[in-house]
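Note: hydrogens, waters and symmetry copies are ignored here, and every other heavy atom, side chains too, is used. Since the structure is predicted, the reported quantities are computational estimates derived from the model, not experimental observations.
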Amino acid sequence: MILKIVKFLHLPFHEKVNRCFLILAILKTKIYYNFVFKKIGKRSLLFKPLYIGNPQCIEIGNNTMIRSGARLEVVGENNAWEPELLIGDNVNIEQNVHIVCGSRISIGNNVSITGHVAIVDVNHPYNDIYNPIKVGDRVQCEGNYVEIGDGVFIGYGSIILPNTRIGKNSIIGAHTVVNSDVPSYCIVGGNPMRIIKKYNFELNEWVKMQ
């Protein structure tokens with residue numbers, strides 16, 4: 001313990017501040033989040049979130065880190081079904097990621113989600129122009145889903161829309177809008193999304209798609 005204190009005192013000032021924030025995050029995860037989430041695994045860490053809604057519907061696996069500014073929101077106003085947000089083991093979710101779940105969002109193991117990504121399984125119906133409720137407050141989510149497979153990498157600023165599946169070990173390029181299913185072992189990008197490369201197991205390499 002004394003050696004650890006001496007090491008800490010010899011760190012540069014900014015590193016001391018970082019270590020203090022880390023210790024605070026560890027303590028808050030163990031003392032508070034461990035009791036309000038449905039499940040939070042061993043060695044998982046949640047830094048300062050922007051907002052957490054209905055944490056009793058959220059499960060987080062082991063060794064998962066969620067950076068500051070995260071919005072983890074489960075929409076739980078409708079009692080007809082129980083929504084669930086499932087985050088696997090060894091997942092890193094970087095700064096300002098927004099996840100809004102009204103039915104079911106599942107994120108597999110070993111997934112990397114970079115900054116400013118949005119993942120949503122809710123829709124905002126707009127067909128009834130006479131509805132006095134503003135579109136932003138109209139929520140349709142029954143039966144919706146988002147499924148993200150193991151080993152997926154989601155690039156900066158991407159948007160994952162409702163009723164989409166991303167296969168395992170696929171790469172989502174920065175600022176991509178995922179509005180349809182992504183097969184496993186693919187690299188996708190753009191808006192509208194398109195498959196750029198696919199892994200060829202016979203050639204053992206990524207092959208460009210025409």
Rest of the hydrophobic cluster containing Val135 (Ile/Leu/Val/Met/Phe/Trp/Tyr, side-chain heavy atoms under 4.5 Å)? Tyr126

State, yes or no, whether a side-chain contact exists between Ser170 and Lys168 at a heavy-atom distance under 4.5 Å. no

Salt bridge (charged side-chain N to carboxylate O under 4.0 Å, His left out) contacts touching residues 183-195 (sequence neighbours left out): none

Hydrophobic cluster of Ile133, others only, ordered by chain and residue number, side-chain cut-off 4.5 Å: none

Go through it in stages, so that I can follow the logic: the residues are Glu84 and Cys57, the test is side chain to side chain contact (heavy atoms under 4.5 Å, CB included), and I'd like the CA-CA distance, side-chain angles, deciding distance and then a yes or no. CA-CA 5 Å; Glu84 55 181 1; Cys57 299; 5.6 Å; no

With heavy-atom distances below 4.5 Å as the criterion, would you say the side chains of Leu46 and Ile52 are in contact? yes

Salt-bridge contact Lys39-Glu59 (side-chain N to carboxylate O under 4.0 Å): no

Which pair of non-hydrogen atoms, one from Glu142 and one from Gln140, has the smallest distance, and what is that distance? O-NE2, 3.3 Å

State, to 0.1 Å, how close Arg138 and Asp128 come at their nearest heavy-atom pair, and which atoms those are. NH1-O, 3.2 Å

What residue among Ile166, Val120, Val152 forms side-chain contact (heavy atoms from CB on, under 4.5 Å) with Ile160? Ile166

If you compare all heavy atoms of Ile58 against all heavy atoms of Gly53, which two are closest, and at what distance to 0.1 Å? CD1-O, 4.1 Å

Looking only at heavy atoms, the pair that brings Glu94 and Val97 closest together is O-CG2, 3.3 Å

Residue pairs meeting ring pair (Phe, Tyr, Trp, His ring centres under 6.0 Å), one or both in residues 44-75, sequence neighbours left out, come to none

With rounding to the nearest 0.5 Å, note down the distance linking CD1 in Ile172 to CE in Met193. 7.0 Å

Can you check side chain to side chain contact (heavy atoms under 4.5 Å, CB included) on Ser68 and Gln95, steps first, answer last? CA-CA 5 Å; Ser68 299; Gln95 72 279 5; 5.6 Å; no

Asn54 versus Gln56, side-chain donor and acceptor atoms under 3.5 Å: yes

Separation between OG of Ser184 and CG of Asn169, rounded to the nearest 0.5 Å: 7.5 Å

With a 4.5 Å heavy-atom cut-off, do Asn123 and Asn144 have their side chains touching? yes

Between the side chains of Asn92 and Ser112, is a donor N or O closer than 3.5 angstrom to an acceptor N or O? yes

Of the options Leu86, Ile40, Val91, which is the one that meets Ile60 in a side-chain contact (heavy atoms from CB on, under 4.5 Å)? Ile40

4.5 Å side-chain heavy-atom contact, Arg165 and Val182: no

Going by chain and number, the hydrophobic cluster around Tyr145 (ILVMFWY, side chain to side chain under 4.5 Å) further includes none

Residue pair Thr64 / Ile87, side-chain heavy-atom distance below 4.5 Å: yes

Just so I know, are the side chains of Asn109 and Asn90 near enough to count as touching, which here means a heavy-atom distance under 4.5 Å? no

Measuring only between side-chain heavy atoms, which start at C-beta, is Leu161 closer than 4.5 Å to Asp121? no

If the plane angle is over 60° it's perpendicular, under 30° parallel, otherwise tilted; pick one for Tyr185 and Phe201. perpendicular

Selection residues 150-181 - residue pairs positive for ring pair (Phe, Tyr, Trp, His ring centres under 6.0 Å), sequence neighbours left out: His116-Tyr156, Tyr156-His175

